[in-house]
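These notes concern the structure reproduced below.
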2 protein chains.
Amino acid sequence: MNMHNSDLKNFFTYSFSLDCVIFGYQNGKIHVLLIKRSIEPYENYWAIPGDLVYPDEDLPNAAERILFDLTRLKNIELHQAQTFGNPTRHPQGRVITNAYFALIRIDEFKAEASSWAEEVQWVPINEVPNLAFDHNLIVNSTYELLKQKLTFEPICFDLLPVRFTLNEFQQLYEFAFEQEMDKANFRKKIKYIPLVAHDEKQQNVKHRPAKLFSFDETLYQDQLKKGVYQFRM
Amino acid sequence: MNMHNSDLKNFFTYSFSLDCVIFGYQNGKIHVLLIKRSIEPYENYWAIPGDLVYPDEDLPNAAERILFDLTRLKNIELHQAQTFGNPTRHPQGRVITNAYFALIRIDEFKAEASSWAEEVQWVPINEVPNLAFDHNLIVNSTYELLKQKLTFEPICFDLLPVRFTLNEFQQLYEFAFEQEMDKANFRKKIKYIPLVAHDEKQQNVKHRPAKLFSFDETLYQDQLKKGVYQFRM
DNA sequence: CTAAATATTGTCATTTGTACAATAACTATT
DNA sequence: AATAGTTATTGTACAAATGACAATATTTAG
């Protein structure tokens with residue numbers, strides 16, 4: 001497979017690609033996974049992992065394959081985001097691209113550069129450099145979508161460690177919505193979210209350690225089915 | 001332009017199309033605009049208006065053009081929805097399609113069959129027949145998206161007449177969410193939505209006529225900017 | 001003028017939201 | 001072991017929103 005260089009122009013009249021915006025959470029900040037391109041166009045630029053879709057490939061499969069090829073990440077739940085089709089977005093021809101995104105725990109998965117990705121790097125969402133193609137647009141649009149989804153789907157738990165403190169939970173929302181919240185009131189607000197309290201506590205802090213919680217996905221699905229509760233922040 | 005028949009296979013290795021889901025509101029029901037195909041494949045099937053995107057055409061422009069070509073509708077604000085890329089969704093080759101949707105006042109715009117659309121028809125969302133291609137999937141997914149958006153964006157006013165009664169407003173939500181609401185409580189809930197009360201009243205009803213209201217878009221945008229208020233139903 | 005019908009407003013108990021204060025539990029230091 | 005420092009967790013009091021229901025108002029039809 002080498003449809004990445006100058007012969008792309010002759011390969012398709014126009015073509016279809018897929019770009020992955022992978023979000024992670026670390027040190028109180030939402031991060032995005034970037035790769036460094038070792039090929040033209042935009043050689044040596046940072047970009048989000050993406051590539052052309054094969055002619056007989058379904059989009060979810062393409063997303064999985066492309067992400068794995070470039071970053072060795074697998075078993076990640078990818079979700080469709082927007083499609084970008086500006087005719088001039090690719091310097092070598094018409095390439096329409098569909099963004100997919102995922103939320104992962106950075107330390108549970110190890111991203112490694114592979115194929116034409118020379119390096120991989122997690123970058124805080126508000127420190128993303130100038131990227132290849134229209135990837136800044138794609139990252140920003142998808143981050144807006146993420147923030148929207150954070151308010152009415154319990155996806156924050158894909159970013160947090162499996163066991164987290166209520167403060168960590170709160171700080172994630174404070175970061176995303178760029179506003180501080182009252183600790184006591186935050187705890188009342190999340191009263192109905194099905195969390196399990198564990199006996200375990202935070203380690204290596206030089207003050208009273210916080211209790212650890214985890215999200216009960218099964219109970220959440222039950223509540224959804226019964227219609228007794230709808231997630232909303 | 002005739003890339004719709006058997007020569008499609010040779011025209012593009014794979015191609016990209018755009019399908020429009022146009023919603024309207026009438027007689028207390030949300031409707032979808034359908035066209036009847038006069039060409040193969042799926043000749044004589046009902047479908048949503050859609051066609052191939054030109055190689056040098058931006059997606060928003062393509063959406064406008066395609067909708068106008070088939071239904072004569074214009075000056076309609078179209079919004080991007082999902083992209084559908086199942087390799088077998090089109091019987092003649094790989095065609096990835098991007099759905100766009102719009103919300104309009106049915107009687108303010110007159111849809112007319114044009115080009116290879118033989119007929120146009122507004123159909124209640126819960127009475128949509130078996131459609132061409134995967135168009136049932138597209139319509140249903142986009143309707144789900146619409147319902148989501150109804151809860152956090154003031155797009156309901158694109159469906160309602162410019163001047164509407166509070167009951168009409170309420171009934172739209174009752175239809176979309178399939179649940180009845182208390183009249184008095186509904187009025188309290190919408191207290192902060194910037195509506196203008198007019199002196200005008202409902203006509204031709206055989207009981208006390210209701211007062212007419214309209215949505216103040218300008219005031220809403222101001223409130224948004226100031227961050228004092230966020231639409232939420 | 002009256003009945004029928006729906007629009008509109010009001011009441012009240014309950015729940016939720018908000019700001020802030022108080023208490024609890026742990027670490028580090030003396 | 002006692003104490004200070006630090007953060008976790010719970011509580012309190014008042015304002016605002018919600019929900020079920022009742023009461024009143026305005027129009028048409030006769």
Side-chain angles (χ1 to χ4, degrees), chain A residues 27-28 150-152 154 156 160-161 163-175 177-215 223 226-233, chain B residues 27-28 150-152 154 156 160-161 163-175 177-215 223 226-233:
Chain A
N27 304 326
L150 279 173
T151 66
F152 57 88
C156 50
L160 291 170
R163 296 190 175 196
F164 51 85
T165 69
L166 296 184
N167 269 345
E168 289 171 334
F169 182 12
Q170 180 177 344
Q171 281 157 19
L172 172 52
Y173 275 89
E174 289 183 335
F175 179 85
F177 300 147
E178 295 174 30
Q179 70 166 33
E180 309 228 322
M181 305 179 196
D182 180 277
K183 277 188 184 185
N185 297 338
F186 184 82
R187 279 151 201 255
K188 286 178 201 159
K189 189 170 195 161
I190 63 172
K191 187 165 53 162
Y192 296 114
I193 300 179
L195 298 182
V196 185
H198 299 278
D199 284 335
E200 205 181 336
K201 302 197 166 173
Q202 216 177 8
Q203 298 294 326
N204 302 323
V205 285
K206 48 179 183 293
H207 55 260
R208 174 180 177 182
K211 200 184 275 187
L212 293 180
F213 292 82
S214 60
F215 177 63
Q223 292 182 347
K226 286 183 205 143
V228 287
Y229 161 72
Q230 208 208 328
F231 185 92
R232 189 169 257 205
M233 293 290 286
Chain B
N27 304 326
L150 279 173
T151 67
F152 56 88
C156 51
L160 291 170
R163 297 192 172 193
F164 51 85
T165 69
L166 297 183
N167 269 343
E168 288 171 334
F169 183 11
Q170 180 177 344
Q171 282 159 16
L172 172 52
Y173 276 89
E174 289 183 335
F175 179 85
F177 300 148
E178 296 175 30
Q179 70 166 29
E180 309 227 323
M181 304 177 195
D182 179 276
K183 277 188 185 187
N185 296 338
F186 183 82
R187 279 152 201 254
K188 288 180 203 159
K189 191 171 196 160
I190 63 172
K191 187 166 52 161
Y192 295 114
I193 300 178
L195 298 182
V196 184
H198 299 277
D199 283 334
E200 207 181 335
K201 301 194 167 176
Q202 218 176 5
Q203 298 294 327
N204 301 324
V205 285
K206 48 178 182 292
H207 56 262
R208 175 179 175 182
K211 200 185 278 189
L212 293 181
F213 292 81
S214 60
F215 177 63
Q223 291 183 346
K226 285 184 206 144
V228 288
Y229 159 71
Q230 207 207 330
F231 186 91
R232 188 169 257 204
M233 292 289 287

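Every chain is numbered from 1, with letters handed out A, B, ... down the list of sequences.
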Over how many whole Å does the gap from [X] atom [atom1] to [N] atom [atom2] extend?
X	N	atom1	atom2	value
B/K206	C/dT2	NZ	P	24 Å
A/M233	C/dG17	CE	P	11 Å
B/F186	D/dC21	CZ	C1'	19 Å
B/Q171	C/dA7	CD	C1'	13 Å
A/R232	C/dG17	CZ	P	11 Å
B/K201	C/dT6	NZ	P	17 Å
A/H207	C/dT29	NE2	P	15 Å

ask   = For nucleotides 9-20 of chain D, read 5' to 3', which letter fits each nucleotide if B means a protein heavy atom sits under 4.0 Å from the base, S means only the sugar-phosphate is that close, and - means neither?
value = BBBB----S-BB
query = Between A/F169 and A/F164, how do the two ring planes meet: parallel, tilted or perpendicular, split at 30° and 60°?
reply =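 Perpendicular.
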ask   = Which of parallel (below 30°), tilted (30 to 60°) and perpendicular (above 60°) describes A/F186 and A/Y173?
value = tilted
key: Non-neighbouring partners of B/Q230 that pass side chain to side chain donor-acceptor pair (under 3.5 Å), sequence neighbours left out   = none
ask   = So, A/E168 side chain and A/L160 main chain: donor-acceptor pair closer than 3.5 Å or not?
value = no
Show me, pair by pair, the donor-acceptor contacts under 3.5 angstrom made by side chains of residues 201-215 of chain B, not counting sequence neighbours?
residue	atom	partner	partner atom	Å
B/Q202	OE1	B/A210	N	2.9
B/Q203	NE2	B/K201	O	3.3
B/S214	OG	B/H198	NE2	2.7

Validation row: B/D182, B/K188 side chains within 4.5 angstrom (heavy atoms) =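 Not in contact.
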